[in-house]
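To keep things clear, I will list the structure first and then write my remarks on it.
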Amino acid sequence: MSASVAARRLAAPDIRARKGGDPIVMLTSYHAHTARILDQHCDVILVGDSLGMVMYGLETTIPVTLDMMVLQGRAVMRGSKRALVVVDLPFGSYETSKEQAFTSAARVLKETGCGAVKLEGGERMAETVHFLAERGVPVMAHVGLTPQAYNALGGFRPQGRDRADWAPIEADARAVAAAGAFAVVLEAIAEPLAAAITRDIAIPTIGIGASPACDGQVLVLEDMLGLSPWVPKFVKRYTSLGPSIEAAVTAYAADVRRRAFPGPEHVYSLKGKGP
Ligand code: KIV
């Protein structure tokens with residue numbers, strides 16, 4: 001493979017082609033520095049609307065705006081070179097009509113340079129997914145627990161734990177696949193249901209609180225780094241960044257208070273040899 005081919009940024013069709021193949025690795029990022037690190041290890045970087053909760057301390061993703069998504073999407077594009085960057089369409093920016101969805105998606109693609117958008121919803125969004133896909137907007141769908149429906153769902157509750165509830169979730173996944181989504185996130189749904197959907201549909205499924213059988217996995221970066229104060233059951237914490245940051249800040253505050261920082265190595269002396 002030539003260097004130029006190796007360096008090419010992954011695109012939606014590359015991810016679509018991974019159905020049933022090597023697991024797709026996806027994490028969220030909202031900033032250039034974390035994007036730079038993730039880019040070496042992830043196939044997809046998601047600029048998720050979870051940024052509303054993680055960066056802005058909001059209780060849900062509902063108040064997140066298109067402006068917020070565009071700003072952080074740009075930062076992540078600057079920090080990454082290889083991964084496919086997917087930017088969430090926030091609540092209220094795509095549900096009114098397929099035309100509204102196209103206007104919002106076009107703005108995100110133009111102003112961030114990202115390769116795809118993600119939107120929440122299954123059967124009810126299928127027509128919109130088709131409209132966008134036909135007009136050159138790669139769409140990742142998101143079904144199961146859809147956090148933007150927090151008020152309608154009455155909280156963040158896992159879905160499909162009763163077999164009687166499976167049919168609409170399966171229908172959602174089938175609908176977005178048939179409509180032309182290149183992949184679909186399955187969030188917080190019963191494991192056997194996620195596995196069944198993964199077997200059933202032709203596009204890659206990306207699980208979060210779903211199943212190891214999914215074609216890929218995603219987590220919110222700050223959750224898996226141990227920075228978020230509370231995380232759902234499905235999160236595995238790979239480190240404890242919160243306590244590490246706290247220890248560093250405690251040491252810094254003590255150094256400043258006893259004038260141990262800055263030291264001679266951190267200050268600028270005058271040019272020349274003398275004092
Ligand atoms: O906004 C987000 O971070 C997401 C993931 C949880 C999939 O949509």
Side-chain angles (χ1 to χ4, degrees), residues 12 15 23-31 34-35 38 42-66 68-73 75-76 83-95 104-105 108 112 114 116-122 125 129 138-150 153 155-159 169 172-173 176 181-189 194 197-198 203-211 214-225 227-228 230-237:
I15 301 304
I24 298 158
V25 180
M26 173 162 147
L27 279 171
T28 62
S29 165
Y30 322 123
H31 347 81
T34 53
L38 267 52
C42 292
D43 303 302
V44 184
I45 301 178
L46 173 66
V47 185
D49 61 356
S50 53
L51 66 81
M53 299 162 83
V54 176
M55 288 186 67
Y56 293 86
L58 298 167
E59 278 187 18
T60 71
T61 56
I62 291 166
V64 172
T65 65
L66 207 50
M68 289 176 181
M69 299 310 304
V70 166
L71 272 179
Q72 303 324 132
V76 168
L84 169 66
V85 174
V86 179
V87 176
D88 262 347
L89 293 183
F91 181 68
S93 72
Y94 63 95
E95 301 90 331
S104 298
V108 168
T112 69
C114 74
V117 298
K118 178 164 80 58
L119 56 78
E120 294 184 9
M125 292 312 302
V129 170
V139 181
M140 178 178 280
H142 183 155
V143 305
L145 171 60
T146 47
Q148 292 174 13
Y150 178 86
L153 295 171
F156 296 122
R157 294 211 181 92
Q159 309 288 301
I169 304 170
D172 278 344
V176 292
F182 71 91
V184 58
V185 168
L186 306 181
E187 177 163 357
I189 64 176
I197 291 174
T198 302
I203 60 172
T205 59
I206 315 278
I208 173 163
S211 167
C214 289
D215 299 293
Q217 302 294 329
V218 59
L219 283 176
V220 170
L221 181 67
E222 286 75 1
D223 289 352
M224 60 86 86
L225 293 180
L227 197 54
S228 308
W230 174 89
V231 292
K233 164 191 163 67
F234 57 69
V235 173
K236 177 172 174 183
R237 289 183 187 246

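Whatever order the structure lists them in is the order used to number ligands and atoms, beginning at 1.
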- Message: As an exercise, identify every atom of ligand 1 less than 4.0 angstrom from a heavy atom of Ser50.
- Response: 1 (O), 2 (C), 3 (O)

- Give the residue, atom name and distance (to 0.1 Å) of the protein heavy atom nearest atom 4 (C) of ligand 1. Leu46 CD2, 3.5 Å

- ligand 1 versus Thr28: contacting region, heavy-atom distance under 4.0 Å: side chain

- Taking non-hydrogen atoms only, is Ile208 closer than 4.0 angstrom to ligand 1 via side chain, backbone, both or neither? side chain

- Task: Check whether the side chains of Tyr30 and Ser50 place a donor and an acceptor atom closer than 3.5 Å, and report yes or no.
- Result: yes

- Can you list the ligand 1 atoms lying under 4.0 Å from a non-hydrogen atom of Lys118? 4 (C), 8 (O)

- Would you say the side-chain atoms of Gln217 pair up with the backbone N or O of Ser211, donor to acceptor, closer than 3.5 Å? yes

- Short question: side chain of Ser104, backbone of Ser93 - any donor-acceptor pair under 3.5 Å? yes

- Task: Flag the pair Val44 / Ile15 as yes when at least one side-chain heavy-atom distance between them is below 4.5 Å, and no otherwise.
- Result: yes

- Query: Does Thr61 approach ligand 1 within less than 4.0 angstrom via side chain, backbone, both or neither, non-hydrogen atoms only?
  - Reply: neither

- Any heavy atom of Val220 under 4.0 Å from ligand 1? The part involved is side chain

- The side chain to side chain contact (heavy atoms under 4.5 Å, CB included) partner of Ile45 among Val76, Leu221, Val218, Leu84 is Val76

- Query: Going by the atom numbers of ligand 1, which of them fall below 4.0 Å from some non-hydrogen atom of Gly48?
  - Reply: 1 (O), 2 (C), 3 (O)

- Query: Quick one: does Tyr30 get an N or O within less than 3.5 Å of an N or O on ligand 1?
  - Reply: no

- Query: Is the backbone of Asp215 close enough, under 3.5 Å, to the side chain of Thr205 for a donor and an acceptor to pair up by distance?
  - Reply: yes

- Item | Ser29 side chain to His31 backbone, donor-acceptor under 3.5 Å | yes

